[in-house]
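Below: one structure, written as structure tokens.
In this chain, numbering begins with 1 at the start of the sequence shown.
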Amino acid sequence: VVASISTLGYWTPLRIAGAQARRVLVEAAATRWGVPASELTTEPSTVVHAASGRRMSYGEIAAFATVPAELPKIDPAKDLKPAERYRLLGKGAPRVDVPPKTNGTAKYGIDARTPGMLYATMVRAPVRGSGPQSSNAAALKQLPGIVDVVTLDHGVAVVGRSFHEVLNARRKLQVAWRGGVPGETVNPAKDFEAYLAHARDGSRPAVEWKSRGKPIPALQGAARVVAREYLNEFVYHAQMEPMNAMAFVRPDGVDVWVGTQAPTRTTLDVAKAVGTTPDKVRVHQHYMGGGFGRRATVEASVDAALVSKAVNEPVKLVLSREDDLRAGTFRPMTAQRIEAGLDKDGRIVGWRHRVAGEPVGDFLYHPGYVKNAKDRDVIFM
């Protein structure tokens, strides 16, 4: 999950889901044994009936249990395990991925292989909404080891029998891009000026992110107000493993081998791109050599699938560092203004933090992308 919100965002929902699953298993065991569910307890992966000494593993129960039409209602305040009964949380537990990551047996996306696999690399349009107008694809196809040059609406992919040959051809690739798209007019320097103006204008409407108490009256009544401004430029994720994905599009389905932070989004976007349904897409999840949010976007998987469909072979797509940097989804730039109100003793009595920047919904982080001027006037406070 992006933005480091896995625990913050899913802690309670996953605990509730676990409690629901536990209750279904307990009730199924109670029915099989003919005893009240209230007499049953659980141990790791096991349901126990202490009165009769009977035990049944979750796997055994799953073999005959049925999922109810409506899942059990869980009251978080009453039905979730209290902290004093935690078995694992708060205690040291070795990560299961440490041994393979230290002995070299871990399989990352870039390690994926399949028989008949071709290699590819991709150059995307410098501005979203643009695309290739012309290229020297015909000349590149004559180079050693090059199988095809695939032109897509948003970029050009070079396909060959080895990555070395593909990368050599990529260095010689020349593309003329379509113009006239809104992103061409983006000017980060001018945007910073606009963002700062918005952040400074306390009367400008803003999206309230979080509020406690009455900070504005507190600031107005403070003995002294200290204000500071901060500028955050676009930031590259700089993950260690190059962006990559392998895909094989066949008439009966699609296989994708990738290390991704968003397997569901991978499934949905690949299905849409190649014109099939999500149930026909199978994602083989691999370790990630650094994600940091960059691997929550799935364009590498989509591009690998589109190229595979074009050449009718399994394709392993790997971006060069330069192409990843050029077309990466950057952390957005922002202008931030913090005002802290202090009383006569120097204690903070009010705090206002305004952040001005472009919206970040739906992974629209591309510095060359803007739908309209309003999109760049969003203020969070």
Not counting sequence neighbours, list each pair that qualifies as a side-chain hydrogen bond (donor to acceptor under 3.5 Å, both in side chains) and has a residue in residues 33-42. Arg22-Thr42, Glu39-His49
Is the closest side-chain heavy-atom distance between Gln20 and Val24 below 4.5 Å? no
Does NZ belonging to Lys141 count more than 12 external heavy atoms closer than 6.0 Å? yes
If we only count heavy atoms from C-beta on, is the Glu193 to Asn187 side-chain gap below 4.5 Å? no
Would you indicate whether Trp11, at its atom CH2, is surrounded by more than 12 heavy atoms from other residues, nucleotides or ligands within a distance under 6.0 Å? yes
Would you confirm whether Gln261, through its side chain, and Gly293, through its main-chain N or O, come within 3.5 Å as a donor-acceptor pair? yes
Any pair counted as salt bridge (Lys or Arg N to Asp or Glu O under 4.0 Å), so long as it reaches residues 23-36, sequence neighbours left out: Arg23-Asp79
Do Asp255 and His284 have side-chain N/O donor and acceptor atoms under 3.5 Å apart? yes
Which other residues end up in the same hydrophobic cluster as Val254, if Ile, Leu, Val, Met, Phe, Trp and Tyr are linked when side-chain heavy atoms come under 4.5 Å apart? Leu118, Met122, Val147, Val150, Leu152, Val159, Met243, Val249, Val256, Val258, Val270, Val274, Val281, Val283, Val298, Val302, Leu306, Val307, Val311, Val315, Leu317, Leu319
Would you check if Phe64 and Met56 make a side-chain contact, meaning some heavy-atom pair closer than 4.5 Å? yes
How are the rings of Tyr119 and Phe163 set to each other: parallel, tilted or perpendicular (split at 30° and 60°)? tilted
Residues at least two apart in sequence or cross-chain that pass salt bridge (charged side-chain N to carboxylate O under 4.0 Å, His left out) with Arg113, listed by chain then number, are none
Between Arg170 and Val149, is there a side-chain heavy-atom distance shorter than 4.5 Å? no
Got a donor-acceptor contact below 3.5 angstrom from the Thr114 side chain to the Met117 backbone? no
Looking at Lys214, I want to see if its NZ is surrounded by more than 12 non-hydrogen atoms of other residues, nucleotides or ligands under 6.0 Å. no
Return each pair, listed once, that meets salt bridge (Lys or Arg N to Asp or Glu O under 4.0 Å) where at least one residue sits in residues 44-61; pairs must be two or more places apart or across chains. Glu43-Arg55
Report yes if the side chains of Ser320 and Leu167 come closer than 4.5 Å at any heavy-atom pair, otherwise no. yes
Can you list every side-chain hydrogen bond (donor to acceptor under 3.5 Å, both in side chains) pair that touches residues 302-312, not counting sequence neighbours? Arg124-Asp303, His154-Asp303
More than 12 foreign heavy atoms under 6.0 Å from NZ of Lys190: is that the case here? no
Salt bridge Lys316-Asp111, side-chain N to carboxylate O under 4.0 Å: no
State plainly whether the residues Arg294 and Glu299 are in salt-bridge range, i.e. N to O under 4.0 Å. yes
Roughly how far, to the nearest 0.5 Å, is the NZ atom of Lys101 from the NZ atom of Lys107? 14.5 Å
Using a 3.5 Å distance criterion without hydrogens, assess whether the side chain of Arg171 forms a donor-acceptor pair with backbone atoms of Val166. no
Tell me whether the guanidinium CZ or amine NZ of Arg250 lies under 6.0 angstrom from the six-membered ring centre of Phe248 and within 45° of its axis. yes
So, Arg200 and Glu229, do they make that salt bridge, N to O below 4.0 Å? yes
Quick check: are there more than 12 heavy atoms from other residues, nucleotides or ligands sitting under 6.0 Å from CZ of Arg321? yes
Would you please test Arg295 and Glu241 for salt bridge (charged side-chain N to carboxylate O under 4.0 Å, His left out) and show each step? CA-CA 10 Å; Arg295 297 184 194 275; Glu241 179 192 10; 3.5 Å; yes
If you draw a 6.0 Å radius around NZ in Lys272, do more than 12 non-hydrogen atoms from other residues or ligands fall strictly inside? no
Should we count CD of Glu233 as having more than 12 external heavy atoms under 6.0 Å? no
Are Arg161 and Ile146 packed together at the side-chain level, in the sense that at least one heavy-atom pair is separated by less than 4.5 angstrom? no
Output the distance between atom CD1 (Ile110) and atom CG (Asn244), rounded to the nearest 0.5 Å. 5.0 Å
Report the distance from atom CD1 of Ile348 to atom CG of Asp343, rounding to the nearest 0.5 Å. 10.0 Å
Would the distance check show the side chain of Asn136 and the main-chain N or O of Lys172 forming a donor-acceptor pair, the cut-off being under 3.5 Å? yes
Between the side chains of Asp324 and Tyr236, is a donor N or O closer than 3.5 angstrom to an acceptor N or O? yes
